[in-house]
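Bear in mind the structure is a predicted one, so any value in this text is a computation, not a measurement.
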Amino acid sequence: MENIETAAFSDQITAFSIVMTAISAFMRFITILMNWYLAFEYWKTESYTYCHWTISSILLPMILTTLIYSNVLIVSNLGKKPVICADLFWKLVLSYLFRDATTLNWTLKYNEAKKRGDKVAQIECYHRYLKEECNVGFIRLFDSFLESAPQKVLQLAIVLRYIKSLTYLRALTFLIYFISIAWCLVAYNRSNRLVQLDKYDIETKGLVVQFCFLLSFTASRTICIAYMASIFPMETFAACILHILLCGTVVFIVDTPKFGRSQILNYILCLTFGAVYIFIFTPVSDGPTKYKYIIYLSLCFLQNLFTCIIWIPLYLAILINGFFIMGIALMIYYYLKCHPGITSAVF
């Protein structure tokens with residue numbers, strides 16, 4: 001049995017995975033510093049409203065994701081040693097500042113065990129790595145769409161309203177945002193596959209194509225929402241809330257996920273997925289996703305098309321819908337040519 005497990009897990013964590021995990025941990029810290037610096041910059045230039053909105057878009061998601069992660073840690077520790085408040089506190093702080101630090105720790109320990117030829121330690125470290133990657137990937141998803149996405153919509157709306165406010169720092173934050181949010185989704189989807197032993201891992205080509213179509217979708221949705229927020233801020237905010245309530249309720253009814261220990265907490269977490277669905281679809285439960293993708297992408301395309309026809313200038317409308325159509329084309333190519341397994345052609 002040990003030999004079977006060792007054969008299954010011995011070469012799963014590659015040097016590439018370790019490097020990307022280290023980059024993710026470092027970029028998380030840099031992104032936090034840049035977001036707080038933008039809030040300070042608004043305060044320094046006496047743009048107090050923008051400063052307050054920026055701080056709110058940092059603090060509220062931070063509190064929510066911290067509560068979610070603390071619940072994940074408590075639930076995963078049930079039946080084991082009691083949770084020590086001090087340890088839980090430092091895990092939450094470390095998770096906020098360096099979201100992938102614990103995952104990186106287990107990858108490095110796995111690599112050390114592999115060099116020593118310690119098969120038992122390799123299996124243990126790999127299981128710990130999978131567990132942490134799954135937990136952190138889950139929280140990373142909410143980080144990206146509850147914290148980063150609203151901030152970047154706000155910053156982009158300000159730039160679209162006052163084009164002179166575009167600085168090199170803001171341009172850099174936009175670039176980092178679009179890249180990191182697509183990479184976050186790729187990592188989340190990959191970690192979900194890794195913990196399901198009946199599924200193959202996604203090859204490098206598949207990861208690249210998946211990254212590209214997720215980048216196209218999120219860029220299209222972010223630019224569209226940001227432009228609408230620049231001319232109708234409160235109306236756009238209300239439309240986003242309605243979208244969150246609709247999608248979150250549908251997820252709660254259709255998928256009935258069991259994230260927490262109460263139905264109220266489960267519904268709140270479904271609403272957070274509703275916030276994710278403002279920008280992109282990602283499955284909550286395992287199973288066929290073909291028709292879910294068709295319904296979701298049709299809804300988003302109609303939303304984009306409607307706003308582009310009525311309010312958005314032609315050059316920007318072409319960019320928004322061009323990104324979206326390119327994302328659909330890349331996604332079809334991914335599922336036909338790059339998705340692992342014999343069911344790839346039917347999603």
Side-chain angles (χ1 to χ4, degrees), residues 23-67 69 89-90 92-101 139-184 215 218-219 221-241 244 272 275-276 278-279 311-313 316 319-320:
I23 291 174
S24 297
F26 177 72
M27 290 305 299
R28 167 69 183 169
F29 185 66
I30 294 299
T31 301
I32 291 172
L33 293 180
M34 293 175 72
N35 290 334
W36 281 105
Y37 181 78
L38 282 174
F40 172 72
E41 191 179 61
Y42 286 133
W43 177 80
K44 190 170 62 175
T45 57
E46 299 183 354
S47 301
Y48 297 120
T49 301
Y50 294 148
C51 177
H52 295 156
W53 275 105
T54 302
I55 292 174
S56 298
S57 66
I58 295 172
L59 292 179
L60 291 177
M62 179 189 74
I63 294 169
L64 183 57
T65 52
T66 300
L67 289 174
Y69 190 52
F89 172 78
W90 285 114
L92 294 175
V93 171
L94 182 66
S95 173
Y96 176 69
L97 294 176
F98 302 96
R99 186 67 80 205
D100 298 87
I139 302 304
R140 194 191 297 124
L141 184 72
F142 295 129
D143 263 338
S144 295
F145 291 98
L146 297 180
E147 182 180 321
S148 298
Q151 287 174 32
K152 293 308 167 278
V153 167
L154 173 64
Q155 306 304 330
L156 191 54
I158 294 169
V159 168
L160 290 170
R161 193 166 186 173
Y162 307 105
I163 193 63
K164 291 182 179 179
S165 65
L166 180 61
T167 62
Y168 288 115
L169 176 62
R170 288 194 181 92
L172 180 61
T173 60
F174 292 143
L175 179 63
I176 292 174
Y177 159 71
F178 285 123
I179 292 174
S180 64
I181 208 164
W183 178 254
C184 158
L215 181 63
T218 52
R221 294 291 288 173
T222 302
I223 295 170
C224 184
I225 294 169
Y227 186 86
M228 294 303 297
S230 70
I231 53 177
F232 302 116
M234 297 311 298
E235 291 85 350
T236 303
F237 180 73
C240 289
I241 294 297
I244 290 170
T272 60
V276 174
I278 292 176
F279 302 92
W311 290 291
I312 298 178
L316 203 56
L319 180 68
I320 290 169

Can you list the steps and then say if Phe232 with Phe237 is a side chain to side chain contact (heavy atoms under 4.5 Å, CB included)? CA-CA 9 Å; Phe232 302 116; Phe237 180 73; over 6 Å; no
Determine yes or no for a side-chain-to-main-chain donor-acceptor pair under 3.5 angstrom, with Thr222 supplying the side chain and Ala219 the backbone. no
Given Ile278, which partner from the list Ile241, Val153, Ile244 fulfils the side-chain contact (heavy atoms from CB on, under 4.5 Å) test? Ile244
Quick one: NE2 on His52 to CH2 on Trp43, what's the gap to the nearest 0.5 Å? 10.5 Å
Rounded to the nearest 0.5 Å, what's the gap from SG on Cys240 to CD on Glu235? Could you check? 11.5 Å
In this structure, CD1 of Ile320 is separated from CZ of Arg221 (nearest 0.5 Å) by 10.0 Å
Can Ile55 and Tyr42 be said to form a side chain to side chain contact (heavy atoms under 4.5 Å, CB included), step by step? CA-CA 10 Å; Ile55 292 174; Tyr42 286 133; over 6 Å; no
Test Tyr227 against Thr236 for side chain to side chain contact (heavy atoms under 4.5 Å, CB included), laying out the working first. CA-CA 10 Å; Tyr227 186 86; Thr236 303; over 6 Å; no
Value rounded to 0.5 Å, distance of OG1 in Thr45 from CZ in Phe40: 10.0 Å
Considering non-hydrogen atoms only, spot the tightest contact between Leu160 and Ala226 and give its length. CD1-C, 3.9 Å
Quick one, Ile225 with Phe279, criterion side chain to side chain contact (heavy atoms under 4.5 Å, CB included). Give me CA distance, side-chain angles, the key distance, then yes/no. CA-CA 9 Å; Ile225 294 169; Phe279 302 92; 4.1 Å; yes
On a heavy-atom basis, which atom in Thr218 and which in Leu215 lie closest, and how many Å separate them? OG1-O, 3.2 Å
What's the separation between atom CD in Glu41 and atom SG in Cys51, rounded to the nearest 0.5 Å? 10.5 Å
